[in-house]
Amino acid sequence: MMNDMKQIKHHLTEPLLIGYAAGTLPEAFNLVVATHISMCDTCRAALAEYEAVGGEVMLDADPVDVAEDALAATLAMIDGGHLAERPKPIRTQNSVFPGPLQDYISGDFDSLKWRKVGGGVSQLVLNTSKDASVRLLRIPAGTAVPDHGHQGTELTLVLQGAFTDEEDRFGAGDVEVANEDLHHTPVAEEGVDCICLAATDAPLLFNGIVPRIAQKFIGI
Ligand SMILES: [Zn+2]
């Protein structure tokens, strides 16, 4: 993992970091941003600066009075509650899934319910709010994902292995931010299967007729 961190070349964009700091991104995008930040010192430092800006804005804001008994009522609720024991997350050693992602995945890698989506590619859709979707993609080593375009924004974070498309090579920790202008055919590198976390806020546009039909069923 240390080696992977040093090799990260493709980072989050400024609007994504600002959106994450401001809390305005869909949950699906938040998950990709949080997962990249857990792998990337550069973006974690950049995020801290945007969050500091938010802190300054809050300090400068004019206070608004709350109900007179708000403090007493809150303290009473704290006194009346009991300390909940936080359930221990199931963490497997050498997991390809960083911390933020593990909250969305139950069980370890071998027990995941992958669904085949054609061409050897499998996916696992994660449960988030409806305004965007996020899934794990497993692309067998040496395999191509069908050529496709994008209606909205697609974020693809590599967790294991690497893929190459018309833009560049993306290795573990790298994130590709694709939009309407990008039509690409990602190909997984030889070696290990490429596992990605991919979020979209609109359906992808596949160029071939077969993928377009398949899209109806897989819901990418
Ligand atoms: Zn980064």
Side-chain angles (χ1 to χ4, degrees), residues 1-13 16-17 28-47 91-102 104-105 108-110 112 114-126 133-150 153-179 181-200 204-208 211 214 218 220:
M1 192 53 95
M2 285 309 288
N3 285 338
D4 287 340
M5 277 198 238
K6 290 197 189 82
Q7 287 166 8
I8 293 177
K9 278 188 295 199
H10 300 276
H11 297 278
L12 295 163
T13 60
L16 283 168
L17 286 168
F29 283 27
N30 274 341
L31 180 57
V32 178
V33 171
T35 306
H36 176 82
I37 281 170
S38 76
M39 306 167 88
C40 177
D41 295 340
T42 307
C43 287
R44 192 178 314 121
L47 175 68
R91 304 251 153 121
T92 48
Q93 287 220 311
N94 302 321
S95 173
V96 293
F97 305 125
L101 200 44
Q102 298 209 357
Y104 287 79
I105 294 165
D108 61 10
F109 191 85
D110 294 323
L112 294 178
W114 294 96
R115 286 173 179 276
K116 292 200 169 17
V117 295
V121 180
S122 308
Q123 72 168 358
L124 184 70
V125 177
L126 305 180
S133 70
V134 63
R135 69 203 65 227
L136 290 165
L137 289 172
R138 184 176 189 167
I139 313 162
T143 301
V145 173
D147 172 34
H148 61 275
H150 309 89
T153 302
E154 181 189 41
L155 304 181
T156 308
L157 170 64
V158 179
L159 302 172
Q160 174 189 291
F163 73 81
T164 302
D165 68 7
E166 289 81 344
E167 297 292 306
D168 210 338
R169 175 189 185 272
F170 296 83
D174 281 332
V175 62
E176 181 172 45
V177 182
N179 57 32
D181 304 326
L182 180 71
H183 279 253
H184 65 163
T185 310
V187 181
E189 233 168 60
E190 297 292 347
V192 293
D193 290 355
C194 181
I195 297 178
C196 298
L197 180 66
T200 50
L204 305 185
L205 299 171
F206 283 97
N207 298 324
I218 63 180
I220 287 187

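Worth saying up front: this structure is predicted, and the values here are computed from it rather than measured. The analysis underlying the following values was restricted to heavy atoms, covering all of them including side chains, and did not include hydrogens, waters or symmetry mates.
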Could you measure the distance from the CD1 atom of Ile37 to the CG atom of Leu47? Nearest 0.5 Å is fine.
4.0 Å
State, with a plain yes or no, whether a side-chain heavy atom of Val187 is found less than 4.5 Å away from one of Thr143.
no
Could you verify whether a donor N or O on one side chain and an acceptor N or O on the other, from Arg115 and Gln123, lie under 3.5 Å apart?
no
Heavy atoms, side chains only, cut-off 4.5 Å: are Phe163 and Glu176 in contact?
yes
Look up atom CE in Met39 and atom CG in Asp174, then write down how far apart they are to the nearest 0.5 Å.
9.0 Å
Between the CG atom in Leu155 and the OG1 atom in Thr35, the distance rounded to the nearest 0.5 Å is 11.0 Å
Could you tell me the separation between the CD1 atom of Ile8 and the SG atom of Cys43, rounded to the nearest 0.5 Å?
7.5 Å
State, to 0.1 Å, how close Pro98 and Leu159 come at their nearest heavy-atom pair, and which atoms those are.
CD-CD2, 4.0 Å
Do Thr42 and His11 touch side chain to side chain, with heavy atoms closer than 4.5 Å?
yes
How long is the straight-line distance from NE2 of His36 back to CG of Leu17, given to the nearest 0.5 Å?
8.0 Å
To check you understand the geometry: which heavy-atom pair defines the closest contact between Gly142 and Glu190, and what is its length?
CA-OE2, 3.6 Å
Can you confirm whether Val158 sits close enough to Val175 that some side-chain heavy atom of one is under 4.5 Å from a side-chain heavy atom of the other?
no
Which distance, rounded to the nearest 0.5 Å, do you find between the CD of Glu154 and the CG of Asn179?
10.5 Å
Does Thr185 form a side chain to side chain contact (heavy atoms under 4.5 Å, CB included) with Glu166? I'd like the steps, not just the answer.
CA-CA 7 Å; Thr185 310; Glu166 289 81 344; 3.5 Å; yes
So, for Pro140 and Arg138, which heavy atoms are closest and what is the spacing to 0.1 Å?
CD-O, 3.7 Å
Going by heavy atoms in the side chains, are Leu31 and Leu101 under 4.5 Å from each other?
yes
Specify the closest pair of heavy atoms between Cys194 and Ala188, including all atoms of both residues, with the distance to one decimal.
CB-CB, 3.8 Å
Counting C-beta onward and ignoring hydrogens, is there a side-chain heavy-atom pair between Val125 and Val134 closer than 4.5 Å?
no
For the residue pair Ser38 and Arg44, what are the closest heavy atoms and their distance?
O-NH2, 3.6 Å
Do you know which two heavy atoms are closest between Leu137 and Trp114, and how far apart they sit?
C-CZ3, 4.0 Å
Quick one: does Glu189's side chain have a donor or acceptor within less than 3.5 Å of a partner on Thr164's backbone?
no
Heavy atoms, side chains only, cut-off 4.5 Å: are Leu12 and Phe29 in contact?
no
Kindly assign one of parallel, tilted or perpendicular to the pair Phe170 and His10, based on the angle between their ring planes and the thresholds 30° and 60°.
tilted
Could you check if a side-chain atom of Ile139 sits within less than 4.5 angstrom of a side-chain atom of Val145, using non-hydrogen atoms only?
yes
N/O donor-acceptor pair under 3.5 Å between Asp193 side chain and Ala141 backbone:
yes
